[in-house]
Protein chains: 4
Amino acid sequence: MSFYGGLSKEHLKQFIQRIERLEEEKKIIAEDIASVFSEAKGGGFDVKAMREILKKRKLDASELEQQEGIVDTYKIALGMTPGDDEPKEQ
Amino acid sequence: MSFYGGLSKEHLKQFIQRIERLEEEKKIIAEDIASVFSEAKGGGFDVKAMREILKKRKLDASELEQQEGIVDTYKIALGMTPGDDEPKEQ
Amino acid sequence: MSFYGGLSKEHLKQFIQRIERLEEEKKIIAEDIASVFSEAKGGGFDVKAMREILKKRKLDASELEQQEGIVDTYKIALGMTPGDDEPKEQ
Amino acid sequence: MSFYGGLSKEHLKQFIQRIERLEEEKKIIAEDIASVFSEAKGGGFDVKAMREILKKRKLDASELEQQEGIVDTYKIALGMTPGDDEPKEQ
DNA sequence: AACGTTGAAATAGTTC
DNA sequence: GAACTATTTCAACGTT
């Protein structure tokens, strides 16, 4: 880190500043999201329920990518039906 | 914190030591879990698949508790069938 | 929520979609930040130390000093010298 | 995995159940730890500072000093005085 | 043994 | 101010 004269010092400063700028942008978007929830709430919607919906939609999207194969074999061994995912067998 | 003579000093020490003991126990259990995976692996089982099974069983257990009600209403509005959870509509 | 025919249904759908779009943007920025850290790491910088720097730049001096003061007090109570950080006393 | 009749099926089931039991124990201990923190908090102690203490006691002195050294170097590079922690320079 | 990936823990922020 | 949620941080793990 101390070689190259002050070069890496400059690099460090730039990394730090780039991150700080990106975090600023991120913060703004987070505030935008909060605004939309606020607006929805003002329109009579239940924010908590909306959050659940969003969570569910995210989950559904990721479940699609779930890998099969060995996992299914094991599920069968444990009495969990592989296609339709049933809870614990006892 | 500085009142009561050294009493709170003793209290602090005791809290810290209780936590350290509990963390020690927790660590041992984590090692036990690792041992079981190891043993299973030695027996020819696929550890990664086992982890997925465990995750699934945990998820299934918690899904059962999921609250319904408003959420279902909203799901219907968004074209997500409430009973059987389908992915995104577009 | 069920009044006004399907109007609020449309509203809900729009709120959900606006949020999903914003969350997508937010995710991209988060990934950008991760990239910068990655790049910095590739350039030989210590990511953990960088995070500390960022945290300290965000916090104002007084908060920081206050917190550090409490920690020192506790160290003394436990017989850990505050300046030079020694491991466990017994 | 499909050889030996249902033998390995039984084995798998046993591995899974052993792990689930251990994870349950681990969870209980984690809750115990949370309780101790809660109790300490109720007694007027600063939980965050306690966590720092625990972390420092876990780390050995040399590691810690090394990490703090890097942070100081970075601070200097960014024009932040290392001893007294100032917020943003511009 | 470094690397990224993933899961758990902790902190911060929000709501009631 | 207590509980919940979301974000961030940290550590473990398999991978290369």
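In what follows, chains carry the letters A, B, and so on, assigned in the order in which the sequence lines appear, proteins first and then strands, with residues in each chain numbered from 1. Since this is a predicted model, take the numbers as computed values, not measurements.
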query = Toward the 5' end of DNA chain F, which comes first, Lys26(A) or Ala30(B), by nearest nucleotide?
reply = Lys26(A)
query = Using a heavy-atom cut-off of 4.0 Å to chain B, what are the terminal contacting nucleotides of DNA chain E, in 5' to 3' order?
reply = dG7(E) to dA9(E)
request  = Send over the distance from Ile19(D) CD1 to dA12(F) C1', rounded to a whole Å.
outcome  = 15 Å
inquiry  = Quick check: on DNA chain F, is the nucleotide nearest Lys41(D) upstream (toward 5') of the one nearest Ala34(B), or the reverse? Name the residue that is more 5'.
reply    = Lys41(D)
task = Hey, could you give me each pair passing ring pair (Phe, Tyr, Trp, His ring centres under 6.0 Å) that has a residue in residues 8-27 of chain B? Not counting sequence neighbours.
result = Phe15(B)-Phe45(D)
Do any side-chain atoms of residues 23-44 of chain A form donor-acceptor pairs under 3.5 angstrom with protein atoms, and if so which ones, sequence neighbours left out?
from: Ser35(A); atom 1: OG; to: Glu31(A); atom 2: O; distance (Å): 3.0
from: Glu39(A); atom 1: OE1; to: Arg18(C); atom 2: NH1; distance (Å): 3.4
from: Glu39(A); atom 1: OE1; to: Arg18(C); atom 2: NH2; distance (Å): 3.2
from: Glu39(A); atom 1: OE2; to: Arg18(C); atom 2: NH1; distance (Å): 3.4

request  = Please report, rounded to the nearest Å, how far the C1' atom of dT5(F) is from the NZ atom of Lys48(A).
outcome  = 10 Å
Check: Lys9(B) main-chain N/O paired with Tyr74(C) side-chain donor or acceptor under 3.5 Å = no
message = Any salt bridge linking Lys55(C) with Glu20(A)? Criterion: basic side-chain nitrogen under 4.0 Å from a carboxylate oxygen.
response = no
remark   = Minimal heavy-atom distance between Met80(C) and Ile53(D), with the atoms involved, is SD-CG2, 4.1 Å
message = Using whole Å, what does the distance between atom P of nucleotide dC10(F) and atom CE of Met50(C) come to?
response = 14 Å
message = Without decimals, in angstroms, what is the distance between Lys55(A) NZ and dC4(F) C1'?
response = 10 Å
ask   = If you find the nucleotide of DNA chain E closest to Phe37(D) and the one closest to Ser38(C), which residue's nucleotide is nearer the 5' end?
value = Ser38(C)
ask   = What's the CD-C1' distance between Glu31(C) and dT8(F), to the nearest Å?
value = 16 Å
task = Write down the distance between CG (Leu54(B)) and P (dC13(F)), rounded to a whole number of angstrom.
result = 14 Å
task = Ignoring backbone atoms, establish whether Arg51(A) has a side-chain N or O less than 4.0 Å from OP1 or OP2 of dT5(F).
result = no
query = Do Leu64(D) and Glu68(D) come close enough that some side-chain heavy atom pair is under 4.5 Å?
reply = yes
inquiry  = Just the rounded figure in Å: distance from P of dT7(F) to CD of Glu23(C).
reply    = 7 Å
task = For residues Val71(C) and Met50(D), determine if any side-chain heavy atom of one lies less than 4.5 Å from a side-chain heavy atom of the other.
result = no
